[in-house]
Amino acid sequence: MPAGQEAGQASGTAKDSATVAVFASDASWIESDALVQCHQVAALDGMVHVAAMPDLHPGKGAPIGAAMASTVLYPFLVGSDIGCGIAVFPLRLGRVVPDRLAARFPDLDRPLDPGNETDAPAFDAVGDDIPAGHLEGLGTVGRGNHFVELARVDTVEEPGHAGRLGLAAGDVVLLVHSGSRGLGERILREHTAAHGAGPAPDPAAYLAAHDAAVRWGALNRRLLAARVAHALGAELAEPIVDQCHNLVEVRDGTYLHRKGAAPGDGRDVLVAGTRGTRSYLVAAHAGARANYSVAHGAGRKMSRADALRRGRAKHTVDELRRTPVGSLVVCGDRQLLFEEAPTAYKRVEQVIGDLVAHDLATPVATTLPLVTYKTPDRAAPHRRDRRAGMTGRSSRGRPTGWRPA
DNA sequence: ATGTAC
């Protein structure tokens, strides 16, 4: 079916089903499985309205890239990574040499320990009030699409707005995409064990646990930023953007479930591209038809299994570790390297174009990756890369094939 | 996306 703005309401909504609005142009390909999932969600008891974002793709049982308003609270619509979000931290650095910075990244798979002296700087910067007292996995980035990225502000589309955020072209920022790790997973698992995909019988009890996971996710992003800033010798500032795209919010007498959809009601949101492409900082102004939400990223265009199979035929590991924009990817996990390849995602410009076309957001600035960190690189590639002349790199610290995207 | 089982 066409995925134009009116398509959802014009097509396929059964009589007692909620409305579905898809905020994507006809030119934006959306996997039909994801649209089927939207209509399955629309048929749930109590569902009022489903807004699908242009980065919509199929998830486990529920679509990713959707905001779903219902009089009934369904924990499975938010999923296990309650509190997942993206934060942007300004960072002041001296000389920016991606290879050297990549080599200095700390091991963000190792949990922080409040009793360990080496971890004191992170807690000193952020505090040690840990929601739910949950220490497991604290300060770790996780897997999947999570990342920590050093990026440079590239274009500035709205100088006044960017200026108010303290951003100018050339500035270095740290993007942190992570969530509540095992805590949110445990909350969903406990609900599912008793009630499956059914509603929360005690919404207040679920919301209390959920709210702690949301706070934990925000704290975790700050701890991750503090670890990186400390390792790179940079001072940590408060995030200029930090929006959570997996959560449920009580609004207009309904439970507004966001799954891979960021709050778009007058807030600034970082819409993540891929590690090989730009990301967009946007000023969001989405209304009721969009369930007050905007896209959270480029959106997968193929499954992890497909990305792995096709990526192995198409890319070498070295290609994936040094991107066409000259940035580095720190990822010691080969499978993850293929699963998260830029080619597994839609073009973020198309997603942003759809948000603009539907008047959901206005681009403020774009960022280009310098170093995207996923998981420690045990192969220690940086040593090899220092031999500039032997690896096809120019003396300027960029691959010879570098082009400005 | 996750911890855990295979």
Side-chain angles (χ1 to χ4, degrees), chain A residues 31 33-34 37 53 55-66 68 74-87 108-112 131-132 134-149 175-197 206 209-210 212-221 223-224 243-248 257-262 272 274-275 295-308 331-341 344-345 372-376:
Chain A
E31 225 173 304
D33 288 357
Q37 286 183 333
M53 298 296 125
D55 58 339
L56 187 79
H57 56 281
K60 237 182 171 177
I64 300 168
M68 301 154 278
Y74 293 99
F76 87 98
L77 292 181
V78 172
S80 63
D81 198 5
I82 304 160
C84 187
I86 302 179
L108 300 177
D109 283 353
R110 183 186 69 78
L112 291 171
H134 184 83
L135 288 174
E136 205 183 306
L138 190 64
T140 62
V141 65
R143 290 291 167 108
N145 59 358
H146 291 177
F147 64 83
V148 173
E149 179 173 292
L175 315 183
V176 179
H177 180 186
S178 189
S180 60
R181 310 288 287 108
L183 177 58
E185 197 273 338
R186 191 182 74 200
I187 293 166
L188 181 66
R189 181 159 33 83
E190 285 174 1
H191 171 85
T192 305
H195 311 288
Y206 170 81
H210 158 284
V214 170
R215 291 196 302 275
W216 201 98
L219 173 73
N220 202 41
R221 290 187 285 280
L223 287 170
L224 285 161
Q243 294 304 337
C244 169
H245 48 241
N246 294 347
L247 84 169
V248 54
H257 310 73
R258 288 199 179 87
K259 174 64 173 173
T274 73
R275 66 211 184 183
H296 78 313
R300 296 197 74 83
K301 91 182 166 200
M302 58 181 92
S303 69
R304 291 183 176 278
D306 283 350
L308 191 58
C331 183
D333 179 336
R334 285 174 61 100
Q335 182 173 325
L336 190 59
L337 203 52
F338 286 109
E339 286 177 357
E340 291 291 317
Y345 283 84
T372 306
Y373 174 101
K374 300 288 288 181
T375 188

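The chains referred to below are lettered A, B, ... by the order of the sequence lines, with proteins before strands, and numbering in each begins at 1.
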Qualifying residues under side-chain hydrogen bond (donor to acceptor under 3.5 Å, both in side chains), relative to A:T274, sequence neighbours excluded: A:T277
With A:H245 via ring pair (Phe, Tyr, Trp, His ring centres under 6.0 Å) - residues at least two apart: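 So A:H245 forms a ring pair (Phe, Tyr, Trp, His ring centres under 6.0 Å) with A:H177, A:H296.
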Does one side chain, of [X] or [Y], offer a donor that lies under 3.5 Å from an acceptor on the other?
X	Y	result
A:H257	A:N246	no
A:T375	A:D333	no
A:R110	A:T140	no

Whole-Å gap separating P (B:dA1) and NZ (A:K374):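 In whole Å, B:dA1 P and A:K374 NZ are 8 Å from each other.
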Could you go over nucleotides 2-6 of chain B and give all protein N or O partners under 3.5 Å, atom names and distances?
{"from": "B:dT2", "atom 1": "OP1", "to": "A:R181", "atom 2": "NH1", "distance (Å)": "2.9"}
{"from": "B:dT2", "atom 1": "OP2", "to": "A:R143", "atom 2": "N", "distance (Å)": "2.7"}
{"from": "B:dT2", "atom 1": "OP2", "to": "A:R143", "atom 2": "O", "distance (Å)": "3.4"}
{"from": "B:dT2", "atom 1": "O5'", "to": "A:R181", "atom 2": "NH1", "distance (Å)": "3.4"}

